[in-house]
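See below for the structure under consideration.
Here is the naming used below: chain letters follow the sequence lines, and residue numbers restart at 1 for every chain.
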Protein chains: 2
Amino acid sequence: MTFDEVLADLQAQAKTTKHAETGLWVAAQLRSRIEAGKLKPGSKLAEEALCEALGVSRNTLREAFTALHAEHIVTRIPNRGVFVAHPTADDIREIYRVRRFLEPAAVLWSGDASMETLAGIIKAARAAAVDGDIPGMAGANQDFHRAIVERAGSERLNNLMDQVLAEMRLVFHSMAANPAFHEPYVEDNAKIVELLEAGKLAAAADFLAGYLDRAEAQLLAAVER
Amino acid sequence: MTFDEVLADLQAQAKTTKHAETGLWVAAQLRSRIEAGKLKPGSKLAEEALCEALGVSRNTLREAFTALHAEHIVTRIPNRGVFVAHPTADDIREIYRVRRFLEPAAVLWSGDASMETLAGIIKAARAAAVDGDIPGMAGANQDFHRAIVERAGSERLNNLMDQVLAEMRLVFHSMAANPAFHEPYVEDNAKIVELLEAGKLAAAADFLAGYLDRAEAQLLAAVER
DNA sequence: CGCCGGAAGATTGTTGAACAATCTCGGGTT
DNA sequence: AACCCGAGATTGTTCAACAATCTTCCGGCG
């Protein structure tokens with residue numbers, strides 16, 4: 001989708017919906033389009049054009065920009081403008097540093113009642129796999145890892161994980177998405193749930209840690225190509 | 001310190017220093033005064049008075065407010081204004097949820113070269129203890145826990161820990177500070193470093209977890225009084 | 001032919017002012 | 001004493017202007 005097409009899309013939205021908390025609404029609009037891949041990493045977000053399309057002032061748009069910047073979804077270059085973030089190899093390393101810290105620790109956390117949630121996600125992932133539904137598999141994978149961290153029951157940690165997962169979506173958009181990437185992880189996730197149900201927490205954490213290492217290496221290889 | 005005195009103080013600062021990135025500078029000024037306890041939890045931050053004192057526009061001040069709000073340092077009530085945050089019992093529980101998750105896991109992390117940093121902090125804490133220097137002990141304690149999380153080597157995790165520690169400072173300011181609160185933790189921290197130096201990571205993590213539970217209970221009891 | 005200033009145009013950074021919406025406080029009524 | 005309502009004050013939101021910086025294009029020079 002080109003920048004101009006996104007502009008037209010935004011303009012349509014602006015007319016039909018009324019926005020409470022305009023700045024946050026603008027941020028949400030941009031975020032959803034970036035995460036859906038309609039705005040590709042590296043695209044410049046021109047202020048004047050977006051203001052016009054959304055029917056908001058530059059001031060409001062810039063407020064939205066600062067919010068997206070804090071989420072690492074967007075890069076600001078002084079006096080040059082804002083661009084959809086383009087994760088580097090270092091960014092990927094940082095993402096996995098956080099994930100390798102959070103997720104195995106969350107697995108060890110004796111999360112009480114998350115098991116049926118996890119089972120449901122696995123079921124959805126398998127259904128997507130047999131249909132060859134790539135976005136479905138990707139979504140289920142994100143849901144899975146989010147649910148893992150949710151075991152800790154902390155809002156702050158959930159927010160951090162959400163940010164990291166959002167950045168992961170950018171990583172996928174910024175490289176030529178290998179359609180088969182998510183497929184093997186469906187059964188890896190299933191195995192983790194199995195180990196959890198068997199009460200083998202340490203084994204599940206170990207397996208997850210190794211799996212994260214593998215995924216990181218795979219993404220780094222793809223990005224440096 | 002009263003609100004008016006802080007205003008005079010800010011006005012003096014505004015004239016002598018030049019600010020790059022005005023919004024961030026304003027946020028830093030307010031943050032430092034809040035964390036130093038000059039602005040007490042519950043104080044209202046009136047827009048017009050602060051604008052005048054700082055010599056910035058309301059627009060800029062509000063930008064600073066949103067930054068502080070994101071850090072949970074400040075509470076926004078729509079159409080009523082912003083107030084220095086006043087941590088509730090639930091806030092304390094959330095803080096310790098994060099700390100109990102991050103810190104023991106970070107201890108287990110085979111952090112390489114953080115030992116001399118930790119040793120230095122312990123030394124400073126003991127020096128403050130013999131002097132009866134309460135702020136010194138509190139500062140060393142914060143440094144210690146920050147250094148623990150730093151072992152993971154992740155910028156995001158460090159930021160999260162910084163935020164949590166900033167909220168901890170608010171907790172101390174919002175309750176009648178028991179001067180002896182920090183004293184026993186000097187030797188508790190020392191014991192953790194000892195266990196780490198002996199390579200007993202699991203024991204160190206366990207001890208730290210119990211210690212956090214104890215501190216949380218102590219703070220909750222003090223707040224609900 | 002290619003490279004190096006330099007001015008014009010465009011874009012972003014920052015601020016001040018205006019207007020609308022909401023809250024607070026006082027006075028008056030029942 | 002409890003309730004209602006209007007004036008004043010404060011916050012939420014937007015617009016418009018100016019300053020600073022970057023980009024582009026052009027002519028001169030080696």
Item to check | side-chain N/O A/Arg80 vs C/dT11 OP1/OP2, d < 4.0 Å | outcome: no
Checklist entry - Within this structure, what is the CG-to-P distance between B/Leu54 and C/dT15, rounded to whole angstrom? => result 11 Å
Item to check | Nearest-Å distance for atom pair CD/P, residues B/Glu48 and D/dG8 | outcome: 16 Å
Item to check | Parallel, tilted or perpendicular, as decided by the 30° and 60° cut-offs, for the rings of B/Phe101 and A/Trp109 | outcome: tilted
Item to check | A/Thr60 side-chain N/O to D/dT13 phosphate OP1/OP2 under 4.0 Å | outcome: no
Checklist entry - Atom CG of A/Asn59 to atom P of D/dC18: distance rounded to whole Å? => result 17 Å
Next on the checklist: Nearest whole Å is fine: how far is D/dT10 P from B/Leu61 CG?
Outcome noted: 14 Å
Item to check | Phosphate-side-chain proximity, B/Ser57 and C/dT14, N/O vs OP1/OP2 below 4.0 Å | outcome: no
Item to check | Residue met sooner reading DNA chain C from 5', once B/Glu63 and B/Arg58 are mapped to nucleotides | outcome: B/Glu63
Item to check | Rounded distance in Å - CD (A/Glu52) to P (C/dT11) | outcome: 13 Å
Item to check | For atom CG of B/Leu50 and atom C1' of D/dT10, their distance in whole Å | outcome: 13 Å
Checklist entry - Salt-bridged, B/Arg93 to B/Asp90, with N to O below 4.0 Å? => result yes
Checklist entry - Of all the choices, D/dT10, D/dT21, C/dT11, which nucleotide is nearest to the side chain of A/Asn79 once you look at every atom? => result D/dT21
Checklist entry - Quick one: CE on B/Met137 to CZ on B/Phe181, what's the gap to the nearest 0.5 Å? => result 10.0 Å
Checklist entry - Nearest-Å distance, CZ (A/Phe65) to P (C/dT11)? => result 14 Å
Checklist entry - Between D/dT10 atom P and B/Phe83 atom CZ, what is the distance in whole Å? => result 13 Å
Checklist entry - A/Gln218 and A/Arg214: side-chain donor and acceptor closer than 3.5 Å? => result no
